[in-house]
Amino acid sequence: MTSSARLLLSAALALPLLAPAQNAPAAMSQRMADAFIAQHPDSIVIGNRKTARWDYEQGLMLRALERVWERTGDARYFTYIQKDLDQFVQKDGSIRTYKADEYQLDNLATGPALLLLSQLSVPGNEKYRLAAATLRKQLASQPRTKEGGFWHKKTYPNQMWLDGLYMAEPFYAEYSALTGDAAGLDDVAKQFALIEKHLVDPKTGLLYHGYDESREQQWANKATGQSPNAWDRAIGWYAMALVETLDYLPAGNANRAALIKDLQRLAPVLAKYQDAKTGTWSLVMGHESEKGNYAEASGSSMFVYALAKGVRLGYLDKKYAAVARKGYEGILKTFVATENGALALNGTVSVGGLGGKPYRDGSFQYYLSEPLRKNDLKGVGPFILASTEMEIAQENAVGQGKTVGLDYYFNHELRKNAFTGQPEQWHYTWEERTHGGFWLWGNELRELGAKTVAVPAAPTAASLKALNVYVIVDPDTKKETPQPHYISAADSKVVTDWVRAGGTLVLLANDTANCEIRHFNELARNFGVQFTDQSVNMVQGSQFEQGRVDLTSGAAVFKQAKIGYIKELAVLALQAPAQPLVTNNGKVIMATAQLGKGRVFALGDPWLYNEYTDGRKIPASFENFQAGKDLGRWLLK
């Protein structure tokens, strides 16, 4: 290993362990994302093309940037996603350069980015929902094999390719989940089942690149329809499709167990074919020792991502974390370089296909004939995704085995779902990705290793026993809910007893005009806290400095964040056992209390909802996102 490679590896492995101070080096995921944006500042132009067009590599990179945004709260990454989509998506949901009648599954890979923006508080976000519906219509008439498998493209009749599972199924699954389409989720599962049926080599466990139901293609085995070789990136697409599709199959869904089983079947195969010395994987798997075969960056990155995410979410045995770590170390040593201060990724094969003109026969020599590229997006995107998972793996021990429950009973506002038109709970929920939701803070907690759950009924000793942390936010007034659930004396006793026994309670109120304070205060009084009718930090328009809060006095909780933004919050009045945590101009803003074995954190504002953590509204000088992670660590420790 060269000295520069050794330094790069050392820095990369140390980064996630460093406290995320202002002057700490950026994580590898950020550094590669920043390098990509610098290389593609205005639009994503693929390969040797002169102009940008709707493309699966675009979708892959937008997914990678989405994960970096969720990991950092840095709006630059979100802004890039929106700017890119706005070059294509028209007000009526039509998509520039997209041609539905080509029936290419590749064209669906950008669908998840559309669904992301359709769920956020973005002006005119209806166009993204309409554009996603445009892509969904393609699937409704996509040509299929006799068994119901999607053709990879109209120009590739009767063929299923591994690549197509990543292009279509995560989008199809998320769209089906958002629209309540159970039949769609069943159809998603069918696609995976057909791949397992037709493309798995029973001897090695590897998957062949493609399957021709008609057996007419020159590359197709006349008995099985299979192409002749196992290409690493094709298997990588499939592995990523499994872990991303599982995000949208709810617990209890009959198809979920089957997909987890597919991933569990694949994991030991990937471990078996990992190079024992370098940790990487070869371009043509199963032929590692043959002359000309080589370690390839995109497939290696895809495998690390899928294995690490599979372990984190409990699909895979923890022993595969070591396989992922070894693979990541190998990627850093073998493929990652620093050029002019920016990261670069070498060793990605440019393309791999079957059939077409000139004809690609799927032979060993064919795959070796395709050129390698530096900074090819099919390698860069998976490397970023792999990096995010490895960074999470270094910090998620704090919340392992712990559960954070969010009250959905005292706060229970309803609205019409934009996709289904049916009533749904919203405002300060884990699921909500618009400005009023807690999706992003919940994601921080989940990446710290905790499980987040809803608490839909009044608290009981039994329901709270399952929780380590219980969060109550902004109980409803009659203005918000016609028949609000007020916190009763019995509720207060149950919660207080739970805290005394060792629970951690979070009380987030609001200014008294927007929160049912009287009954909330009856609970808070048990911990020496009262939410007063005095409101501070009344922010006028975009004069954000009026909402500035110095967090340095709260260093016991906020280890890294120094400056927060909180507007229109209720001042706290305290008595024992409560202690002030953060004061602002002599007013107590945040407090903690110790009662028995348990703890309480109190603040007169919901504060950590998406609007003030996702970086899109308030200036970057405010550190609400980091404060959310700091608070999460304190709650979970």
Side-chain angles (χ1 to χ4, degrees), residues 398-412 428 430 438 441-442 445 448-475 485-510 515-532 554-558 570-582 588-608 630-637:
V398 64
Q400 288 292 321
K402 298 178 181 178
T403 301
V404 181
L406 177 60
D407 164 64
Y408 282 34
Y409 182 73
F410 304 116
N411 169 58
H412 189 82
Y428 312 133
W430 294 134
F438 275 124
W441 186 44
L445 296 171
L448 287 171
K451 179 181 179 182
T452 57
V453 299
V455 183
T460 65
S463 65
L464 293 184
K465 187 177 181 180
L467 306 180
N468 301 94
V469 181
Y470 181 37
V471 184
I472 304 176
V473 185
D474 189 25
H485 300 131
Y486 296 143
I487 298 174
S488 69
D491 298 328
S492 292
K493 183 179 186 307
V494 166
V495 174
T496 303
D497 289 346
W498 172 78
V499 171
R500 189 176 285 111
T504 296
L505 178 67
V506 179
L507 302 177
L508 301 178
N510 213 329
C515 180
E516 201 293 302
I517 290 291
R518 184 168 72 86
H519 294 87
F520 203 18
N521 266 339
E522 290 175 5
L523 170 61
R525 183 177 294 112
N526 294 338
F527 314 107
V529 175
Q530 289 290 276
F531 300 103
T532 74
V557 173
F558 302 105
V571 172
L572 304 181
L574 306 180
Q575 61 182 32
Q579 297 290 328
L581 178 70
V582 173
V588 179
I589 301 300
M590 302 181 198
T592 59
Q594 184 82 31
L595 183 67
K597 297 179 180 179
R599 299 176 301 163
V600 179
F601 173 90
L603 165 64
D605 190 79
W607 189 33
L608 293 175
D630 287 348
L631 178 59
R633 289 181 180 277
W634 184 83
L635 296 173
L636 295 168
K637 70 180 182 180

Between A602 and L572, the two heavy atoms sitting closest are O-CD1, 3.7 Å
Residues R633 and D630 bridged, charged N to O under 4.0 Å: no
Is any side-chain heavy atom of L507 closer than 4.5 Å to a side-chain heavy atom of V529? no
Exercise: identify the closest heavy-atom pair between A578 and G528: CB-O, 3.4 Å
Distance-minimising heavy-atom pair for P577 and Q594: CB-O, 3.5 Å
Looking at side-chain heavy atoms only, is the closest gap between V600 and V499 below 4.5 Å? yes
With rounding to the nearest 0.5 angstrom, report the CD to OG1 distance, Q579 to T592. 7.0 Å
Could you work out, with side chain to side chain contact (heavy atoms under 4.5 Å, CB included) as the rule, every residue matching K465, not counting sequence neighbours? none
Derivation of the side chain to side chain contact (heavy atoms under 4.5 Å, CB included) call for Y470 and D407: CA-CA 7 Å; Y470 181 37; D407 164 64; 4.0 Å; yes
Taking T532 for its side chain and V571 for its backbone only, find out whether a donor-acceptor pair lies under 3.5 Å. yes
The criterion is side chain to side chain contact (heavy atoms under 4.5 Å, CB included); which residues satisfy it with T403, sequence neighbours excluded? K451, V453, L467, N468
Does the plane of the ring in H519 sit parallel, tilted or perpendicular to the ring in Y486? Use 30° and 60° as the thresholds. parallel
Can you give me the closest heavy-atom contact between I487 and S492, atom names plus distance? CG2-OG, 3.6 Å
If only atom types and distance count, is the side chain of W430 paired as donor or acceptor with the main-chain N or O of G442 below 3.5 Å? no
Would you give the length of the straight line joining atom OG of S488 to atom CD of E522, rounded to the nearest 0.5 angstrom? 9.5 Å
F520 and I472: side chain to side chain contact (heavy atoms under 4.5 Å, CB included), yes or no, with the steps? CA-CA 9 Å; F520 203 18; I472 304 176; 3.9 Å; yes
Closest non-hydrogen atom pair between L574 and P580, with its separation: CD1-N, 3.4 Å
Measuring only between side-chain heavy atoms, which start at C-beta, is P459 closer than 4.5 Å to W498? no
To the nearest 0.5 Å, what is the distance between NE2 (H485) and CG (N411)? 11.5 Å
With sequence neighbours left out, write down each residue that passes side chain to side chain donor-acceptor pair (under 3.5 Å) with T496, or none if nothing qualifies. N526
With a 4.5 Å heavy-atom cut-off, do F410 and D491 have their side chains touching? yes
May I ask you to test the L581-F601 pair for a side-chain heavy-atom distance under 4.5 Å? yes
Just so I know, are the side chains of V471 and V404 near enough to count as touching, which here means a heavy-atom distance under 4.5 Å? yes
Contact between W607 and I589 at the side-chain level, heavy atoms closer than 4.5 Å - yes or no? no
Student check: side-chain heavy atoms of F438 and L608 closer than 4.5 Å: yes
Distance from L505 atom CG to R500 atom CZ, nearest 0.5 Å? 12.5 Å
Donor-acceptor pair, side chain of N521 and main chain of F531, under 3.5 angstrom: yes
With rounding to the nearest 0.5 angstrom, report the CG to CG distance, L445 to L636. 6.0 Å
I need the minimum non-hydrogen distance between C515 and P475, along with the two atoms involved. SG-CD, 3.7 Å
